[in-house]
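Order of appearance sets the numbers: ligands from 1, and atoms from 1 within every ligand.
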Amino acid sequence: MSQELPLIRLRGVTKVYGEGVLAFQALKGVDLDIARGDFVAIMGPSGSGKSTAMNTLGCLDRPTTGEYLFQGVHVESLTRDQRALLRRRYFGFVFQGFNLLARTSAQENVELPLLYRGETAHARHTAAARALESVGLKGWEHHTPAELSGGQQQRVAIARAIVTEPAVLLADEPTGNLDTHRSLEIMELIWRLNHERGITVLMVTHEADMAAYARRIVRFVDGVVDSDAPNAHPAGLRIASVEPAPVATAEGS
Ligand SMILES: Nc1ncnc2c1ncn2[C@@H]1O[C@H](COP(=O)(O)OP(=O)(O)O)[C@@H](O)[C@H]1O
Ligand SMILES: [Mg+2]
């Protein structure tokens, strides 16, 4: 009974999309253990199964065969509704394209996961304001995505991901749409979430500069884990990510 399980354990996980002659096996037997507090960069060529693995890990999708143990719970045998509950309780997601609701303020975007949880308006306002402040966006609460830079939009998305205080942050190419400086700012923010709050981070990236922030690098090739090693020279904080408050305009916005 006292057998130590990691936070996440995948064993022999396969994923087949489609059926019959159209069937495609995106994962071909993935074994992966992730300890609480780890920061894993997932790398590998396009089409190697990284996003499929992330969707499986985040309980968005189910393995075709194999085991997924999250804190000892067999995720592969949960119903869709049970998986949704697990997802909302333990996981935060950040995507390459930010995936914010347009024409909806930063504040409202960040409140959304709390709305799904049935939190009161007061609790939602307080938690969202705090999350936005923690990503350096105090003063930007009422701006819509179109009024924010790409880096700021990704910060809003990160605030939305952490407002529920998830155990795990899943980020699929979070800097893929950003220039180098904005990318480094996002990486330092993610680094802080891992080092200062203990959030377990799984992040897909193509870029070595971004993977450098991780504690461990897992490389996928053709639907399997090809290599898995500690990051010998992890990057720390290098730039000051200071976000100036917006300049108030006469007509407001
Ligand atoms: N919903 C889907 N239906 C059919 N094939 C898919 C689907 N999603 C991904 N694939 C295929 O599975 C393989 C792995 O995709 P993916 O996990 O997105 O790779 P990566 O993120 O490493 O680029 C690709 O060949 C892709 O075309
Ligand atoms: Mg992908």
Does Arg216 form a side-chain contact (heavy atoms from CB on, under 4.5 Å) with Asn231? I'd like the steps, not just the answer.
CA-CA 5 Å; Arg216 172 180 169 198; Asn231 181 4; 5.9 Å; no
Checking side-chain polar atoms at under 3.5 Å, does Gln107 have a donor or acceptor matched by the opposite partner on His142?
no
for atom 19 (O) of ligand 1, nearest protein heavy atom and its distance come out as Gly49 N, 3.3 Å
Going by atom types only, do Arg215 and Asn194 share a side-chain donor-acceptor pair under 3.5 Å?
yes
Checking Thr14 against Thr65: is there a side-chain donor and acceptor pair closer than 3.5 Å?
yes
Tell me, please: is Gly18 in heavy-atom contact with ligand 1, that is, under 4.0 Å?
no
How long is the straight-line distance from CZ of Arg88 back to CZ of Arg83, given to the nearest 0.5 Å?
12.0 Å
Below 4.0 angstrom from a heavy atom of Pro45, which ligand 1 atoms are there? Numbered from 1 as shown, please.
22 (O)
Got a sec: is Thr52 within less than 2.8 Å of the Mg ion (ligand 2) via an N/O/S atom?
no
Is a donor from one side chain sitting under 3.5 angstrom from an acceptor on the other, for Thr79 and Arg62?
no
Out of Asp61, Asp172, Thr52, whose heavy atom is nearest to atom 15 (O) of ligand 1?
Thr52
Exactly one candidate in Glu133, Glu188, Glu141, Glu185 meets salt bridge (charged side-chain N to carboxylate O under 4.0 Å, His left out) with Arg155; the answer is Glu185
Mind telling me whether Tyr68 and Phe70 have parallel, tilted or perpendicular rings, with 30° and 60° as the class edges?
perpendicular
Tell me: protein heavy atom nearest atom 9 (C) of ligand 1, and distance?
Tyr17 CE1, 3.3 Å
Close approach of Gly44 to ligand 1, heavy atoms, under 4.0 angstrom
no
Does the protein place any heavy atom closer than 4.0 Å to atom 26 (C) of ligand 1?
no
Starting from atom 14 (C) of ligand 1, what is the nearest protein heavy atom, named by residue and atom, and what distance separates them?
Gly47 O, 3.4 Å
Show which atoms of ligand 1 fall inside a sub-4.0 Å distance from at least one heavy-atom site of Ser51.
17 (O), 18 (O), 20 (P), 21 (O)
Quick check: Phe24 and ligand 1, any N/O pair under 3.5 Å apart?
no
